[in-house]
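We use all heavy atoms of the structure for the numbers below, so side chains are in, but hydrogens, waters and symmetry mates are not. Reminder, nothing fancy here: chain letters follow the sequence lines and each chain counts from 1.
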2 protein chains.
Amino acid sequence: MKNQTAAPSLSAAIADAIRSDIVEGRLLVGDRLPSEAELADQHGVSRATVREALKRLAAQSLIRTERGAFGGAFVNHLSYEEARAQQVTTSTLLLGMNAISFQVACEARYALERSCTALAAERRTDTLLNAMRNEIDTQSTPDLSDEAFCASDVAFHRALVDCAGNEVLSYHLAGSVEAMQPLMNMITFTARSRAEIIDLHRAIVAGLEIRDVASVDRALAILEAYTITLGQSVLKARATR
Amino acid sequence: MKNQTAAPSLSAAIADAIRSDIVEGRLLVGDRLPSEAELADQHGVSRATVREALKRLAAQSLIRTERGAFGGAFVNHLSYEEARAQQVTTSTLLLGMNAISFQVACEARYALERSCTALAAERRTDTLLNAMRNEIDTQSTPDLSDEAFCASDVAFHRALVDCAGNEVLSYHLAGSVEAMQPLMNMITFTARSRAEIIDLHRAIVAGLEIRDVASVDRALAILEAYTITLGQSVLKARATR
DNA sequence: AGACAATTAAATGTCTGACAAATGAAAAAT
DNA sequence: ATTTTTCATTTGTCAGACATTTAATTGTCT
């Protein structure tokens, strides 16, 4: 009854030990780990095993390795970008593997996104508002591909969450919204639906500009309902085919 | 234009290649990868290098390995629990390494948490409400340790987000709330502050019971303000010491 | 003394070959 | 028919070697 989730392999055990040292603060950012040969000695294993353990940690961006004299493995400073990239990978896979209905995903996405409206209306900057306007211009381009439209949509919503002026919130929201994009992409956007979406984007920017939380909330709610409608019509079209 | 951030090491490159195969659906859940020897042949590298690549993927829970005949590396089914555990590790480290102010963390936490109130009020079940009441009872225990109080607090808020009845939302919210707990733990809870918090928890449950979104929102807002006050007094006490 | 080039030591990255251990399937024995 | 044995396959680990990278050191020239 001791090894229910514990790793049966040495390399996993060593990785866990070092991971604990990092997460619990016994190893600090920038600290250099002993060389692979030393770690092998300390743990009584071969260098190959130690290397496998270090690669596990590197895969989680917990450490970075440098070659050459005075190189080695260093506790990595985890940047927002790295963390977000990992969160997106994990979440995207999770959503892709668990038969999430479009409606559930959509509901979650907009619920999360709405959590920043109050702060965004209060703190929005001209720089970010202009960024959002630029994305709207991009979205209005005729003959824009679906991928480009979606990419611009992500950029728009990312600017929206950045308006809240809270980096922690931006990290979580940007990660969740981006991870759900593949599900959102099940939709094919007609010219008609694009125009509808762009109008709502304009309403969001206008609401932020005059710091009117309610109108931003309303626009997001309509956008959510409209997106779900689009998703359902896609599913219906598939079912009858 | 292909290798701007790409890893210069073979094992990282091979890991990336296989990761793409999984993320982009060329390998499906349950599929077995070629044996290490075959992969080594295919990529023209040694088995040790392939193994390092596989360990990177295993660290992200993308694959699992089984020993023995007809064993090998299989594309893993990523469960909500595994994904959440990884998200918590990453987010906790991110917050710990980036000098986040208590106020920013708190603001983000409650903003995210509030995103589930409307759905929670609509869909709350008796089972979850009772779970929340049980946590309140636990929190009311005299001589409860600070750790136990915090753990029960996390359980309470987790039940709250589960009330929204959206598993995707639960995943994201539970992950964010849990990751911020270490920052919240900077606070030491006096008997007075515990009573205050428990009262607010009761208000939240009562609000959910009668499906009164506004009262739940209000209680969360007060909880946020109160938590920030507690955090500031801790900082002030430290500064004058 | 200072600037530049060559050397060197330390470390990771990779390869090779080997053996141990686990495991399911097939063959053999009962 | 059932149990046991054997066996091939595959991962886990080890030991030793060489290649490559890199910063510090040393040497040389001005």
- Message: Quick check on DNA chain D: between A/Glu52 and A/Ala69, whose nearest nucleotide comes earlier from the 5' end?
- Response: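 Comparing both residues, the 5'-ward one is A/Glu52.
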- Within the pair A/Arg47 and D/dA15, is there a side-chain N or O less than 4.0 Å away from OP1 or OP2? no
- Query: Does A/Arg51 place a side-chain N or O at less than 4.0 Å from the phosphate oxygens OP1/OP2 of C/dT12?
  - Reply: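 False: A/Arg51 side-chain N/O out of range (4.0 Å or more) of C/dT12 OP1/OP2.
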- Which atom of A/Gly231 lies closest to which atom of A/Phe102, heavy atoms considered: CA-CE2, 3.6 Å
- Message: Under the rule for ring pair (Phe, Tyr, Trp, His ring centres under 6.0 Å), what residues qualify as partners of A/His157, not counting sequence neighbours?
- Response: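 Testing A/His157 for ring pair (Phe, Tyr, Trp, His ring centres under 6.0 Å), a comparison that skips the adjacent residues, returns A/His201.
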- Query: What do you reckon, is CD of B/Gln42 surrounded by more than 12 foreign heavy atoms closer than 6.0 Å?
  - Reply: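 Atom CD in B/Gln42 is packed in, count exceeds 12.
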- Query: Checking B/Asp153 side chain against B/Phe149 main chain: does a donor-acceptor pair fall under 3.5 Å?
  - Reply: no
- Query: Does the side-chain contact (heavy atoms from CB on, under 4.5 Å) test come out yes or no for B/Leu33 and B/Leu54, once each step is laid out?
  - Reply: CA-CA 10 Å; B/Leu33 275 66; B/Leu54 293 179; 4.0 Å; yes
- Taking the side chain as C-beta and beyond, is there a heavy-atom pair between B/Ile14 and B/Leu39 under 4.5 Å? no
- Message: Do B/Glu113 and B/Leu173 make a side-chain contact, defined as non-hydrogen atoms from C-beta onward lying under 4.5 Å apart?
- Response: no
- Task: Would you mind checking if A/Glu52 and A/Lys55 are paired as a salt bridge, meaning a charged N to carboxylate O distance below 4.0 Å?
- Result: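 Answer for the salt bridge query: no.
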- Item | Contact residues, residues 34-45 of chain A to DNA chain C [heavy atom, < 4.0 Å] |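 A/Ser35, A/Glu36 - these, ordered by number, are the residues of the stretch whose heavy atoms sit under 4.0 Å from the strand.
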- Task: Please list residues of residues 57-67 of chain B whose heavy atoms come under 4.0 Å from any atom in DNA chain C, ordered by number; otherwise none.
- Result: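 Output list: B/Arg67.
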